[in-house]
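Report on the structure given below.
Proteins come first, then strands; the chains are lettered A, B, ... in the order of their sequence lines, and each starts at number 1.
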2 protein chains.
Amino acid sequence: MSQKRATAPDRTPSSNPAVPTGSLVETAYRTLRQRVIDNAWPPGYRALEQELALELGMSRTPLREALVRLQNEGLVEVIPRHGMRVLPVSADDMRDIYQMLTALEAMAAELAARRRLTRAQLKPLLDAAAATEHALNAEDLDAWASADESFHRNLVELSGNRLLVEVARNCADRAHRARAVTLRMRPKPTHSTREHMDVVEKIRAGDARAAFDAQRAHRERGTRELLAILEYHQLKTL
Amino acid sequence: MSQKRATAPDRTPSSNPAVPTGSLVETAYRTLRQRVIDNAWPPGYRALEQELALELGMSRTPLREALVRLQNEGLVEVIPRHGMRVLPVSADDMRDIYQMLTALEAMAAELAARRRLTRAQLKPLLDAAAATEHALNAEDLDAWASADESFHRNLVELSGNRLLVEVARNCADRAHRARAVTLRMRPKPTHSTREHMDVVEKIRAGDARAAFDAQRAHRERGTRELLAILEYHQLKTL
DNA sequence: GTGTACGTTTATGTATACGTTATTACCGCC
DNA sequence: GGCGGTAATAACGTATACATAAACGTACAC
């Protein structure tokens, strides 16, 4: 994975254009974040501030502020005189991220179960779990991945803990690229899909301990699976 | 808790002067962060960018960058035309933070126990636990609080998970003021101190499950205690 | 061919300027 | 006194300028 500069010929502004928001900082932040997460920029990719600012049609000032935010979120690093660099994610990083998600989501499942949620409150989670099942049946891996993300996002939101939601989102962002790259290297996600329904059922039943255990087991199995893939394919950085 | 402006007469630059670092951003970041965490600035406190920049002897540019970082860390909010405001921490926030710390530190204890640490590696944690004991015996609450922080910091560092360390540090930062304010409102921390030793022993023995349970129980009891204090004293924001 | 020295270029970190608009102060009226 | 309208002020968000020093390219010596 060699480092690429912003002058790489396959990069044009139109491939991920800035979508205007209320502020230039926000525009830059969202645009750049998207590029990192969706692998439009590969790991290690570099670009200078002035180049990015020109491309996004703004001065360096808001662009820098966006980069500071992205750096705080662990998605890029800002290197003096070398601009920004997309932070590669190593296998160790993935282990760390997955350990975090395991702890956070197990806690989220427990908190959700304790809250005695209504059918309406549980619906988005149930819908997401059902969507993973439909996608699996239709053998549509991309739809499955999207539904999987939705499941996990909805799960942490049901915890009612804002900080947990925020941190889990950042963990998911950091892992997103690796998830996408390895999506077709893994066995069919039969276990995952079944485990989703299991977690939902435990939450619905208000069984906090069982919900915790179910979600935790789900993430632990997923962690083992992913780390095995990274090792087997000798994927050092993603 | 009324809002105070930067012109409050009891604030002078010398009470928490900027300590020069390699960059002005870093100087501002550390100075301001310290003021928030140590309650030099109370919850809700406001200050304008230009005022802070003047006080710290720099232009608004690096000052803004420092504020962006602090906002990302949940310590302040930046309000257009009103400058920055120290984010008050509500009882709900404290519940969220403690739930996070419970999940993260229990996981840290488990990971630490799994790593089969040497005596040398365990020493900082053991020393910190011993320090809480000594401070308790000497009836020195401030020393106890400091040792307690050291214990928790060392615990998460033993997890070997960098992301966990980073997130736990931020949770501790957010909770720091509330911890300090409530330090003398709680019973003598006899349980805490005994629990520290219990956790250390489980980690030393390499019993991951027991370490997880011990640290989790420790944090859960502490959570209940703190939330009860906040309710009893009608502390709405800290 | 390799290493070093030197001059030039360039990408920052920071300061300052500028345009916009939210906020505040003031005034008149009821 | 309270309310509404208007003008002035101020605090941004952003653009531009500037100083610094890192990085690069070239020439020369061994």
- Within this structure, what is the CG-to-P distance between A/Leu24 and C/dC18, rounded to whole angstrom? 20 Å
- Whole-Å distance between D/dT14 P and A/Glu26 CD? 10 Å
- Query: Looking only at side chains, do A/His176 and A/Asn39 share a donor and an acceptor under 3.5 Å apart?
  - Reply: no
- Task: Rounded off to whole Å, could you give me the OH-to-P distance for the A/Tyr29 and D/dG13 pair?
- Result: 17 Å
- Figure out the NE2/P separation between A/His82 and C/dT12, and round it to whole Å. 9 Å
- Message: Working note: B/His152 + B/Arg219, criterion side-chain hydrogen bond (donor to acceptor under 3.5 Å, both in side chains); need CA distance, chi angles, decisive distance, verdict.
- Response: CA-CA 10 Å; B/His152 289 277; B/Arg219 269 296 181 195; 3.3 Å; yes
- Message: Students often get this wrong, so: under 4.0 angstrom with heavy atoms, is B/Glu65 touching a base, only sugar-phosphate, or nothing?
- Response: nothing
- Closest listed nucleotide, where the reference is the side chain of B/Ser59 and the choices are C/dA11, C/dT16, D/dG13: C/dT16
- Message: From CD of B/Glu49 over to P of C/dT16, roughly how many Å is that when rounded to an integer?
- Response: 16 Å
- Note on the structure: Heavy-atom nearest nucleotide on DNA chain D taken for B/Arg81 and for A/Met58; more 5' hit belongs to B/Arg81
- Give a yes-or-no answer on whether the side chains of B/Tyr29 and B/Glu73 include a donor-acceptor pair shorter than 3.5 Å. yes
- Task: Quickly work out the A/Arg64 CZ to C/dA11 P distance and round it to whole Å.
- Result: 14 Å
- A/Glu51 CD to C/dT12 P, in whole Å, measures 8 Å
- Message: Side chains of B/Arg46 and B/His82, heavy atoms from C-beta outward: is any pair under 4.5 Å?
- Response: yes
- Nearest-Å distance for atom pair CZ/P, residues A/Arg85 and C/dA11: 18 Å
- Message: With a 3.5 Å cut-off and heavy atoms only, can you find an N or O donor on one side and an acceptor on the other between the side chain of A/Arg60 and the base of D/dA15?
- Response: no
- Taking the nucleotide of DNA chain D with the closest heavy atom to each, which residue, B/Thr61 or B/Gly83, is nearer the 5' end? B/Gly83
